[in-house]
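Heads up, the thing below is written out as structure tokens.
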Amino acid sequence: MRLFIAAKITPEIETQLAEFLDGFMKSPARVKWVEPRNTHLTLKFLGETDEQILNDLKAAIADASADFGQIETHLKGCGAFPNLHAPRVYWVGIVDPNKKLAQLAARIDQEVHHLGFERERRAFSPHLTLGRVKDQRQLGALNEAFGTADFPSTPLSIDSIYLIRSHLKPSGPVYQELAEFSL
């Protein structure tokens, strides 16, 4: 099973993202845009996972998220990884003023490491992935537009996280919630 751990966004934010992306999606650049209904904040990508450890995995996530408390954050701005000169991923930023998301991601990383998952090598950078670049050609105008755009500050409260299974289809991923964990 291909799995990840994430927080979900609200239907209102999905609508805002759809409106924000509308102009960018008209670009001739080859970018695979994420459908707003599939947008989420990844806390830990697990990848292919043996179904036999599913119960242990759920217990580890429950331990990591227990008594953590609701996280108040907000979306703001946009950009690209690694940068707008050679983008691979376009994103909307998430402001994490108290580093609570980073702390939660670290706790999850620590708990699932005991089950054989590799530790994260990169620092946690909270964001919503909007699109993945498939070809570097014809990105000039899109990069310029994205570089001058600014996603408006939008509150996001997170009180649950989810273990999600990703079914990859030619039309795009289909996500299935396997478990919810209250913070």
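Since the structure is predicted, the reported quantities are computational estimates derived from the model, not experimental observations.
In this structure, K44 is not positioned above the aromatic face of F117 in the sense of NZ or CZ being under 6.0 Å from the six-membered ring centre and within 45° of the axis. The cationic group of K76 does not satisfy the cation-pi geometry with F151, failing either the under 6.0 Å distance to the six-membered ring centre or the 45° limit from the ring axis.
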Passes side-chain contact (heavy atoms from CB on, under 4.5 Å), R132 versus V34? Steps please. CA-CA 8 Å; R132 291 177 177 81; V34 175; 3.9 Å; yes

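Side-chain contact between S160 and L183 is absent, with no heavy atoms from C-beta onward closer than 4.5 Å. Taking the side chain as every heavy atom from C-beta outward, L41 and I158 approach each other to under 4.5 Å. Looking only at side-chain heavy atoms (C-beta outward), I71 and L156 stay at 4.5 Å or farther from each other. Side chains of R2 and L168 form a contact here, defined as non-hydrogen atoms less than 4.5 Å apart. The shortest side-chain heavy-atom distance between L46 and V112 falls under the 4.5 Å cut-off. For the pair K58 and L163, the minimum side-chain heavy-atom distance is below 4.5 Å. For the pair P173 and H167, the minimum side-chain heavy-atom distance is 4.5 Å or more. Here the side chains of Y162 and I5 are not in contact, with every heavy-atom distance at 4.5 Å or above.
Here the closest non-hydrogen pair linking M1 and R165 is CG-CZ, 3.5 Å. The shortest non-hydrogen separation linking L130 to L17 is CD2-CD2, 3.8 Å. L142 and S27 make their closest contact through CB-OG, 3.9 Å (heavy atoms, listed as atom of the first residue, atom of the second, distance). For the pair D96 and P126, the tightest heavy-atom approach, listed with the atom from each and the gap, is CB-CG, 4.1 Å. Contact record, W33 with G131: CE3-CA, 3.8 Å, taken as the closest heavy-atom pair. The minimum heavy-atom distance between N143 and P87, with the atom names listed, is OD1-CG, 3.3 Å.
Under a hydrophobic-cluster definition in which Ile, Leu, Val, Met, Phe, Trp and Tyr are linked whenever side-chain heavy atoms come within less than 4.5 Å, directly or via other members, V89 and I9 are assigned to different clusters. Under the 4.5 Å side-chain contact rule for hydrophobic residues, W91 and V31 do not share a cluster. Transitive grouping of hydrophobic side chains (ILVMFWY, heavy atoms separated by less than 4.5 Å) brings V92 and L21 into a common cluster. By the criterion of side-chain heavy atoms lying less than 4.5 angstrom apart, applied directly or through intervening Ile, Leu, Val, Met, Phe, Trp or Tyr residues, F45 is not grouped with L115; the two fall into different hydrophobic clusters. Both L178 and I161 sit in one connected hydrophobic cluster of ILVMFWY residues. Membership requires side-chain heavy atoms under 4.5 Å apart, directly or through other members.
Atom CD of E51 sits about 10.5 Å away from atom OG1 of T49, to the nearest 0.5 Å. We find the CG-CZ distance between D63 and F68 to be 14.0 Å, quoted to the nearest 0.5 Å. L57 contributes atom CG, which lies 6.5 Å from atom CG of L3 (distance to the nearest 0.5 angstrom). Between atom OG of residue S157 and atom NE2 of residue H74 there is a gap of 12.0 Å, rounded to the nearest 0.5 Å. Going from atom CD of E72 over to atom CG of L101 covers 10.5 Å, rounded to the nearest 0.5 Å. Atom CZ of F181 sits about 14.5 Å away from atom CG of D159, to the nearest 0.5 Å.
A donor-acceptor contact shorter than 3.5 Å links the side chain of D109 to the backbone of E120. In terms of modelled atom types and a separation under 3.5 Å, the side chain of D150 and the main chain of C78 share no donor-acceptor contact. Panel note: side chain D50, backbone Q52; a donor-acceptor pair is recorded below 3.5 Å. Remark: side-chain polar atoms of T15 are not paired, donor with acceptor, to backbone N or O of I13 under 3.5 angstrom. In terms of modelled atom types and a separation under 3.5 Å, the side chain of R107 and the main chain of A66 share a donor-acceptor contact.
Using a 4.0 Å cut-off between charged side-chain N and carboxylate O, K8 and E177 make a salt bridge.
More than 12 non-hydrogen atoms from other residues, nucleotides or ligands lie less than 6.0 angstrom from NE2 of H114. By the 6.0 Å contact criterion, CZ on R137 is open, its count of non-hydrogen atoms from other residues, nucleotides or ligands being 12 or less. For Q136, the CD atom is densely surrounded, since the number of other residues' heavy atoms within 6.0 Å is greater than 12.
Aromatic ring orientation, F146 versus F20: perpendicular (interplanar angle above 60°, classes split at 30° and 60°). Ring orientation note: the planes of Y175 and F4 are nearly perpendicular, at an angle over 60° on the 30°/60° scale. The aromatic rings of F81 and H127 lie perpendicular to each other, with more than 60° between the two planes, well past the 30° mark.
Side-chain polar atoms of E14 and Q16 form no donor-acceptor pair below 3.5 angstrom.
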